[in-house]
J.: 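The structure that follows is given in the form of structure tokens.
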Amino acid sequence: MRTAIYPGSFDPVHLGHLDLIMRAEKLVDQLTVAVLQNPTKGCSFSVHERMEMLQSVTQHLPHVKVTSFEGLLVDFAKKQKANFIIRGIRAFSDFEYEFQMALVNRKLASDLETIFLMPKEKYSAVSSKLIREIGFFGGDLSEFCPKELLPKISAHLKNRKP
Ligand code: PNS
């Protein structure tokens with residue numbers, strides 16, 4: 001059984017994340033999308049809201065489950081008996097941070113492989129941070145967020161400091 005974890009903040013989930021989830025779930029038997037619970041990071045959406053949004057856009061994917069985690073990713077991966085960590089690389093600018101994280105995770109857990117996937121080019125500029133900023137000013141998020149979540153995300157972000 002090949003199991004992978006796709007960890008992240010998902011604050012909020014966007015079309016680039018969803019594209020990656022659909023690519024990753026084809027490669028493994030079970031994909032766990034794991035939302036980071038980090039009270040010090042100051043996320044805009046609560047863990048519960050982030051999980052709920054992910055659940056609603058992945059409910060048609062039977063091999064995908066959504067959960068949350070706290071603490072070290074490698075510890076969570078061990079508990080889940082995961083073989084792989086999935087991370088996305090949108091552009092060269094993501095590479096340094098992702099490379100560093102992958103190597104540190106490998107030092108902590110040598111049998112856990114990080115797999116990098118690239119989303120569709122049209123999502124290479126999409127990020128949760130920019131979505132929060134556009135949403136704050138009431139901008140149109142339809143190019144970036146799953147259609148069914150647009151009303152919820154737009155209403156939540158409007159006038160909320162990114
Ligand atoms: O979507 P993000 O915010 O880029 O995701 C970052 C995440 C959640 C993958 C990373 O911060 C993480 O794994 N945090 C858990 C703590 C941990 O294991 N840190 C060491 C990683 S080198």
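All residue numbers in this chain count up from 1 along the given sequence. First listed ligand is number 1; within each ligand, the first listed atom is number 1.
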J.: Describe, in one word, how the ring planes of Phe95 and Phe99 are oriented to each other, choosing from parallel (under 30°), tilted (30 to 60°) and perpendicular (over 60°).
T.: parallel

J.: Side chain to side chain contact (heavy atoms under 4.5 Å, CB included) for Ile86 and Ile5? Distances and angles first, verdict last.
T.: CA-CA 6 Å; Ile86 304 285; Ile5 293 177; over 6 Å; no

J.: Does the N or O separation between Glu98 and ligand 1 drop below 3.5 Å for any pair?
T.: no

J.: So that I can tick it off, tell me whether Arg23 and Asp19 are bridged by a salt bridge, with the cut-off set at under 4.0 angstrom between side-chain N and carboxylate O.
T.: yes

J.: In terms of residue, atom name and distance, what is the protein heavy atom nearest to atom 10 (C) of ligand 1?
T.: Met101 SD, 3.9 Å

J.: Between the side chain of His17 and the main-chain N/O of His14, is any donor-acceptor distance below 3.5 Å?
T.: yes

J.: Looking only at atom types and distance, does a side-chain atom of Ser128 sit under 3.5 Å from a main-chain N or O of Pro12, one as donor and one as acceptor?
T.: yes

J.: For atom 7 (C) of ligand 1, what's the nearest protein heavy-atom neighbour? Residue, atom name and distance, please.
T.: Arg87 NH1, 4.3 Å

J.: Could you tell me whether some N/O pair between Asn105 and ligand 1 is separated by less than 3.5 angstrom?
T.: no

J.: At the 4.0 Å heavy-atom cut-off, does Tyr97 count as touching ligand 1?
T.: yes

J.: Tell me, which protein residue and heavy-atom name are nearest atom 3 (O) of ligand 1, and how many Å apart are they?
T.: Ser9 OG, 2.6 Å

J.: Are the charged groups of Lys122 and Glu143 less than 4.0 angstrom apart, N to O?
T.: no

J.: Which other residues end up in the same hydrophobic cluster as Phe137, if Ile, Leu, Val, Met, Phe, Trp and Tyr are linked when side-chain heavy atoms come under 4.5 Å apart?
T.: Phe136

J.: Distance under 4.0 Å to a non-hydrogen atom of Gly71: what atoms of ligand 1 satisfy this?
T.: 15 (C), 16 (C)

J.: Can you tell me the protein heavy atom closest to atom 20 (C) of ligand 1 and the distance?
T.: Leu72 CD2, 4.1 Å

J.: Would you confirm whether any non-hydrogen atom of the protein falls under 4.0 Å from atom 15 (C) of ligand 1?
T.: yes

J.: Evaluate Leu73 for polar contact with ligand 1, using N/O atom pairs at a separation under 3.5 Å.
T.: yes

J.: In this structure, does ligand 1 have an atom that sits under 4.0 Å from one of the heavy atoms of Gln100?
T.: no

J.: Answer yes or no: is there a donor N or O on one side and an acceptor on the other, between the side chain of Arg87 and the main chain of Met101, under 3.5 Å?
T.: no

